[in-house]
Amino acid sequence: MSDPDSFRPAPPPPVAGSIAAQAMPRRMAPDSSYLEGLNPEQRDAVLATEGAVLVLAGAGTGKTRVLTCRLAHILSSGLAYPSQILSVTFTNKAAREMRERVGESIGAAVEGLPWLGTFHSIAAKILRNHAELVELKSSFTILDTDDQIRLLKQVIQSEGIDEKRWTPRFMATLIDGWKNKGLTPEKLPTKETFKFAEGKGGKIYEIYQNRLKVLNACDFGDLLLHNITIFNNHPDVLNKYHRKFRYILVDEYQDTNVCQYLWLRLLAQGTGNLCVVGDDDQSIYGWRGAEVDNILRFEKDFPGAKVVKLERNYRSTGNILGAASGLISANQDRLGKTLWTEDEGGELVTVTGVWDAPSEARTISSEIENWRSRGRNYNDVAILVRASRQMRSFEERFIALGLPYRVIGGPRFFERQEIRDAHAYLRLVVSETDDLAFERIVNVPKRGIGQTSVQKLQLASRSMNKSLEFATSELVKTDEIRGKARTALKAFLLDLKRWRADSQALSPVDLAERILDESGYTQMWRDNKDAKSQGRLENLKELMQAISEFDTLPAYLEHVSLVLDMESGPQEDEVSLMTLHAAKGLEFPLVFLPGWEEGVFPSQKSLDENGMAGLEEERRLAYVGLTRARERAKIYFAANRQVYGSWQSSIPSRFIDELPPQHVTAESDTGYYDHRGYAEEVSESFAASFDRGRSSPGWRRYEQRKSSPPTINATARRKPIQDTSSDFSVGERIFHQKFGYGMIKSADGSKLTVAFEKAGEKKVLEGFVEKT
DNA sequence: CGGTGACTAGCGTAT
DNA sequence: CTAGTCACCG
């Protein structure tokens, strides 16, 4: 839980080069082998330990290496103890990786780095130590998005606001945004408050915060915000941390939001030894409140800051790097770096047009099988999509082929319904005041406690100013609630009591198993005939596995609320499937980039909401995607995509036009034009928009790049309309893969109207029919 | 109280 | 298309 020495006065700061420092006992061998193999800039970044340092690290320039070496250097030269270094990352994955790599580079001698973690986990740790300063108990619970929204829903209802017009979800987004900007309800500008329900936004925010206090809870945003409040109001506390943290390191600085910036600035006021590492070209979290400005402004914020640029790329081939650099140069708002590599050449980046998403999945799958048959691994391969919904067609295809894959990110394990339900049980057993948990499971599985009963309980709870569970225990003594509901509630209360008694004797995992068993929760899913229930039961099993690694339930719950990703299991040879956002920081020899279509990527929503800034962020995302590839990068776009269940034609992404031609080649897709097995019906409106799409710059460029001999239908497409009609004539009998035999009734360019013997009259593209 | 069917709004990225 | 909500009925 809390760091045992977090309040011990820090040992006297050893000053580099001082007699004291030289005389300090060395726990590590005083060698500096970790410096070997660093290039001059990297070495610079590692050795500049004092003062403010900004390391501008382009993609693949050895950023993680510099960070870990820097840590190793500070530790092994005795500048600070492990507990005196604050290193912050954004993701748990990054934190884990850094911990591992520091361990490797200086040996097991480092007894952990207690203050290495994500912004949120470190802020939570600090907050637990001073919770009372913001009217919380140190046992506060951390709400997930789901709890947050349910709570807001109650608040909105109680204020008599139409929750259809003003959704709790929207309010949650607003509050998140405010917290990211460091705005507490008191500091909220009036203008902001009008973003919700005609000026009631601020009031809702305030009520919500009060409810959180009563519930002894905070949401994600609160973790840092409360830290800042504490630091501002209690200089003595801040001072403690100033004395404690001799060195501060921040990874992915371009992703910090205002709140995180304020937090860092407060902490860095101590020694001033703040080193931030980042790349403005990889800032992809603007929607989450990240301010690229933080990194662009660093030298102003910390005068005299040393700036080190890492521009030598060790990851990708010259062509991949060239394509990525060319693309990103279309952005206006950047510091500007020039990445270079000694690895000139390599394969050209490919661009391939396909018919639709399933075809895209087929094409990519067979590319993967090719790769594999040439003796390479599935592990080398990643498919990076813009939005998680794009993953579906790939998963379907992979399952059909038996191709092993893993989804990274995606719907998160701990956000699944069954896992949240199970957690609610555990939370309630640990803390009887956890009303949100109570509400969630009081009637799961169904116990006959309906909405009306729950409302009565809430009313009672509010009037007594006590927890729901307490109110329940009072209410069942009266005749306020009758019949089935009353019996069920009584039984439920007894269950809870018994489990709490059990919790003294049983290990967390045994207790959890007993609870899920005795509550009938597991049985509920066993009885459920839905296709997904089997998976849910398996998830619950996996959950037990996770719990079994903890000695106490509270320790587990703390872990869960912050560490939202499961450690990936044993490394098997699998293709990785993930969003572009999840791919940051990773690299793969072979990278597929599907869905490069206007509207999908760049995302229409991003463009609509944020205009040019949104477009630039999308472009940075494309840059991140390309720079993940070491040897080969392959881009795809589909001519058709299903949106909200209906088909829409799409045109290639403008990003394809922005790739420098010398690094790119257009590939034709065999599974697209001349693959008889995948004919599709083509509607009139589609054919029209398809032609429109084909005249877009993207298509033109694509056609120009096609150096390989055109395939049958690619040729047909380019022919003037009159020519195509000569291939088929009215009255001719034809065969269509999907609709069978038919007779041509009329022809309009490449579009044929055919009377099929079985399927009736359809309009089809002539490319999909054959003469009989 | 709970189950069923009709209807409607949402799919963008995530600690 | 899918999940979530609402009205109605047993």
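Letters go in sequence order (proteins before strands), and every chain restarts at 1. These numbers come from a predicted model, not from an experiment.
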Using a cut-off of 4.0 Å between protein heavy atoms and nucleotide atoms, how would you tag nucleotides 1-8 of chain C 5' to 3' with B, S and -?
B-S-SS--
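- Remark: A/Lys195 is not positioned above the aromatic ring of A/Trp166, lacking an NZ or CZ atom under 6.0 angstrom from the ring centre and at most 45 degrees off the axis.
- Distance, A/Arg389 CZ to B/dG12 P: 6 Å, rounded to whole Å.
- Mapped onto DNA chain B by nearest heavy atom, A/Ala582 and A/Gln451 fall at different nucleotides, with A/Gln451 at the one closer to the 5' end.
- Note on A/Thr579: a side-chain N or O is less than 4.0 Å away from OP1 or OP2 of B/dA14.
- For A/Arg386 against B/dG12, a side-chain N or O and a base N or O form a donor-acceptor pair under 3.5 Å.
- Taking the six-membered ring for Trp and thresholds of 30 and 60 degrees, A/Trp115 and A/Phe245 have ring planes more than 60 degrees apart, a perpendicular arrangement.
- The nearest whole Å value for the distance from the CD atom in A/Gln148 to the P atom in B/dT15 is 14 Å.
- For A/Arg397 and A/Phe394, the positive end is not near the middle of the six-membered ring at less than 6.0 Å and at most 45° from its axis.
- Both thresholds, 5.5 Å between centres and 30° between ring planes, are not jointly met by A/Phe119 relative to the base of B/dT15, so the two rings are not stacked.
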For A/Asn257 and A/Lys181: C-alpha separation, side-chain torsions, deciding distance, then whether side chain to side chain contact (heavy atoms under 4.5 Å, CB included) applies.
CA-CA 7 Å; A/Asn257 58 37; A/Lys181 290 199 181 79; over 6 Å; no
Might you work through the salt bridge (Lys or Arg N to Asp or Glu O under 4.0 Å) test for A/Arg334 and A/Glu616, ending with a clear yes or no?
CA-CA 10 Å; A/Arg334 58 194 292 257; A/Glu616 295 213 342; over 6 Å; no
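- Around CD of A/Gln455, the count of heavy atoms belonging to other residues, nucleotides or ligands within 6.0 Å exceeds 12.
- Picking from B/dC11, B/dT15, B/dT13 the nucleotide with the shortest atom distance to the side chain of A/Thr145 gives B/dT15.
- Taking atom CZ of residue A/Arg169 and atom C1' of nucleotide B/dC11, one finds them 11 Å apart after rounding to whole Å.
- Taking only side-chain nitrogens and oxygens, A/Lys446 never comes nearer than 4.0 Å to OP1 or OP2 of B/dG2.
- Below 30°, between 30° and 60°, or above 60°: for A/Phe655 and A/Trp596 the angle between ring planes is above 60°, a perpendicular geometry.
- Each of B/dT15, B/dA14, B/dG2 was ranked by its minimum atom distance to the side chain of A/His581; first place goes to B/dA14.
- If you check every strand for non-hydrogen atoms under 4.0 Å, A/Leu223 touches nothing.
- Distances were taken from every side-chain heavy atom of A/Ser603 (C-beta onward) to each of B/dA14, B/dC11, B/dG12; the shortest belongs to B/dG12.
- One can place NE2 of A/His226 at 16 Å from C1' of B/dT15, the figure rounded to the nearest angstrom.
- Across all strands, A/Glu618 comes closer than 4.0 Å to base atoms (heavy-atom distances).
- The distance between atom CZ of A/Phe220 and atom P of B/dT13, rounded to the nearest whole Å, is 17 Å.
- The base of B/dT13 has none of its N or O atoms less than 3.5 Å from a complementary donor or acceptor on the side chain of A/Arg288.
- Counting only N and O atoms by type, the side chains of A/Asn539 and A/Glu418 include a donor and acceptor under 3.5 Å apart.
- Looking at heavy-atom distances under 4.0 Å, A/Asp608 makes no contact with the nucleic acid at all.
- Taking atom CE of A/Met578 as the reference point, atom C1' of B/dA14 lies 15 Å away to the nearest angstrom.
- Within the 4.0 Å cut-off from OP1 or OP2 of B/dT15, not a single side-chain nitrogen or oxygen of A/Asn257 is found.
- Put simply, CZ on A/Phe90 is 11 Å from P on B/dT15, counting in whole angstrom units.
- The residue A/Glu609 sits close to a base: some heavy atom pair falls under 4.0 Å.
- B/dG12 atom P lies 17 Å from atom CG of A/Leu615, rounded to whole Å.
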